[in-house]
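Reckoned from all heavy atoms, side chains included, excluding hydrogens, waters and symmetry mates.
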Amino acid sequence: MSLLSRLFGKTEPKAPEPVLYKEFRIYPAPIREAAGHRVAARIEKDFPDGVKVHQMGRADTLASLDEATALSLRKAQGAIDQLGVSLFD
């Protein structure tokens, strides 16, 4: 970060905190669109050969970012419940 950015209050965005669920890490990440926010999340899990990542995107769109974030988390948890580690196949 440059000196001027720090002086004038610009800060770098913080990385989102993951939600831990059944040994998976869920990063709710709704996508901003013209009609609102589309449900999306990144799901990660540690394996012996490294971290595997699944990008989940849905067609659901909500006006509120908070609502889209909450639904993204619920949809990711549902995907984990239904598919487990086969998410990464």
Compare every heavy atom of Ala68 with every heavy atom of Val39, then report the nearest pair and how far apart it is. CG2-O, 4.3 Å

Mutual orientation of the aromatic rings belonging to Phe24 and Phe88 [parallel < 30°, tilted 30-60°, perpendicular > 60°]: parallel

For Val51, the hydrophobic cluster (side chain heavy atoms closer than 4.5 Å, chained through members) also holds Val53

Distance in Å, Leu83 CG paired with His54 NE2, rounded so as to fall on 0.5 Å steps: 8.0 Å

The reported gap from NE2 in His37 to CG in Leu62 (rounded to nearest 0.5 angstrom) is 9.5 Å

First locate atom CG of Leu71, then atom CZ of Arg58, and finally report the distance between them rounded to the nearest 0.5 Å. 7.5 Å

Crowding at CD, Glu23 (>12 non-hydrogen neighbours, <6.0 Å): no

Do you know the tightest heavy-atom contact between Ser72 and Pro30? OG-CG, 3.9 Å

When rounded to the nearest 0.5 angstrom, what is the spacing between CD in Glu44 and CG in Leu20? 10.5 Å

Going through the checks in order, is the side-chain contact (heavy atoms from CB on, under 4.5 Å) test met by Lys22 and Asp81? CA-CA 9 Å; Lys22 296 185 177 181; Asp81 290 342; 2.8 Å; yes

Give the cluster check for Ile26 versus Val85: same hydrophobic cluster or not, with ILVMFWY residues linked at side-chain heavy-atom distances below 4.5 Å. yes

From Gln55 atom CD to Ile43 atom CD1, the distance as rounded to the nearest 0.5 Å: 9.0 Å

Nearest 0.5 Å, what's the CZ-NZ distance between Arg25 and Lys45? 9.0 Å

